[in-house]
Amino acid sequence: MIDFTALMASMSADGETSSVTATEDWLQGRTIYGGLSAAFCLESVAQHYGDLPPLRSAQFSFVGPAAGTVMIRPTVLRRGKSTVFVGVDLFGEAGLATRATLCYGTARASAVGYGSLSAPAVPEPETCPPFFRKIPGLNFIQHFEGRFAGGNPPFSQGQHPNFSIWLRHQDPAKPASTAALVALTDAPPPAALVLFERPGPISTMTWAVDLLTDRLETNEGWWLLQTKAENVVGGYSSQATTLWNADRQPVLVSRQNVAVFM
């Protein structure tokens, strides 16, 4: 096994590309799970363009599987006065696996401020039961600690496909970089699996992420995540997720389109 911090540190740059090898403990079936592919894209940008402002928004398309050694190629698409757009392609042995479009932007003064993302009322993580369980093929979940905080657990056949959990990296460093946060947010299963009786194949097709702050800080590595499936029809699920820090301050929102092969 290799923890998240060491894995990111092992990424090497050669000219305009980066490369890194994901060991089997980071796989979901035969491929690197989507959150790690997204984290590789972000880390490669940080490696090649260290002068960027904070990440504000990201869109990821998971085009195909990738395992083992991958190559990542970031390219600045446009650099304006306050924002920078970067495109990133991640390649596996079979070709293009992930394509990302990232928007970085400096903060600016504004006359208004508004927020409507109140955290759910849930117990503290130390009082909540474990969330993750061993499922064949889902090797990567051993790198994360989850505590079930509310809603309906996966495979409970509940009528309302949503749940809240506390999450943190098992990595002793408890990393809080943007890449680490993105990898963490994609660790739980889609909320659509609440509707099912047993595990089965799923695959995230697209993922849009908005960062709500550039202060990625929390207590003891814990982040509170709430996710819900808004629609599950024709083998596809639309899912919305919100992440708060341990002080219940909103940090990230995301939307996913997930293919459900059950």
Distance check, rounded to the nearest 0.5 Å: [X] atom [atom1] versus [Y] atom [atom2]?
| X | Y | atom1 | atom2 | result |
| --- | --- | --- | --- | --- |
| N219 | N245 | CG | CG | 7.5 Å |
| T98 | D89 | OG1 | CG | 9.0 Å |
| F132 | E145 | CZ | CD | 9.5 Å |
| L243 | T185 | CG | OG1 | 4.5 Å |
| S61 | M205 | OG | CE | 9.0 Å |
| W223 | E217 | CH2 | CD | 8.0 Å |

Is there a side-chain contact (heavy atoms from CB on, under 4.5 Å) between Y114 and V112 once you walk through the steps? CA-CA 7 Å; Y114 175 76; V112 300; over 6 Å; no
Look at the rings of Y33 and W26 and say which category their plane angle falls in: under 30° parallel, 30 to 60° tilted, over 60° perpendicular.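 Y33 and W26: parallel rings.
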Has the side chain of [X] got a donor or acceptor atom that lies under 3.5 Å from a matching backbone atom of [Y]?
| X | Y | value |
| --- | --- | --- |
| R168 | F144 | no |
| Q239 | A191 | yes |
| N162 | K228 | no |
| T31 | A66 | yes |
| W166 | P123 | yes |
| R248 | A246 | yes |
| T213 | R215 | yes |
| T127 | E124 | yes |
| H169 | A180 | yes |
| D247 | Q249 | no |

Considering only heavy atoms from C-beta outward, does the side chain of [X] approach that of [Y] to under 4.5 Å?
| X | Y | answer |
| --- | --- | --- |
| P172 | D3 | yes |
| M11 | F40 | yes |
| L225 | P188 | yes |
| W207 | S254 | yes |
| Q256 | P190 | no |
| L224 | P120 | yes |
| W244 | L252 | no |

Does R30 come within less than 4.0 Å of E93, counting only side-chain N to carboxylate O?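 Between E93 and R30 there is no salt bridge, as every charged N stays at least 4.0 Å from the carboxylate O atoms.
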Could you tell me whether R147 and E126 have a side-chain N and a carboxylate O separated by less than 4.0 Å?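 Salt bridge: no.
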Evaluate the criterion side-chain contact (heavy atoms from CB on, under 4.5 Å) for residue pair S203 and F261; output intermediate values, then yes/no. CA-CA 8 Å; S203 180; F261 302 94; 4.0 Å; yes
F60 and side chain to side chain contact (heavy atoms under 4.5 Å, CB included): which partner among V88, T204, L102, T206?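 Output: one option passes, namely L102.
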Scan L90, I32, I72 and name whichever one has a side chain to side chain contact (heavy atoms under 4.5 Å, CB included) with V20.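 The residue from L90, I32, I72 that satisfies side chain to side chain contact (heavy atoms under 4.5 Å, CB included) with V20 turns out to be I72.
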Starting from the C-alpha separation in whole Å, work towards a yes-or-no answer on side chain to side chain donor-acceptor pair (under 3.5 Å) for D171 and T5. CA-CA 7 Å; D171 186 338; T5 300; 2.6 Å; yes
Compute the ring centroids of F85 and Y104, then answer whether they are less than 6.0 Å apart.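 So the answer is no for these two rings.
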For side-chain contact (heavy atoms from CB on, under 4.5 Å), just list the numbers for L36 and L7, CA-CA rounded to whole Å, side-chain angles, deciding distance to a tenth of an Å, and then say yes or no. CA-CA 10 Å; L36 185 61; L7 181 60; 3.9 Å; yes
At their closest point, which heavy atom of V45 faces which heavy atom of L52, and how far apart are they?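 It is CG1-CD1, 3.4 Å.
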Let me see the working for F62 and N257 under side-chain contact (heavy atoms from CB on, under 4.5 Å), right down to the final yes or no. CA-CA 10 Å; F62 300 106; N257 181 272; over 6 Å; no
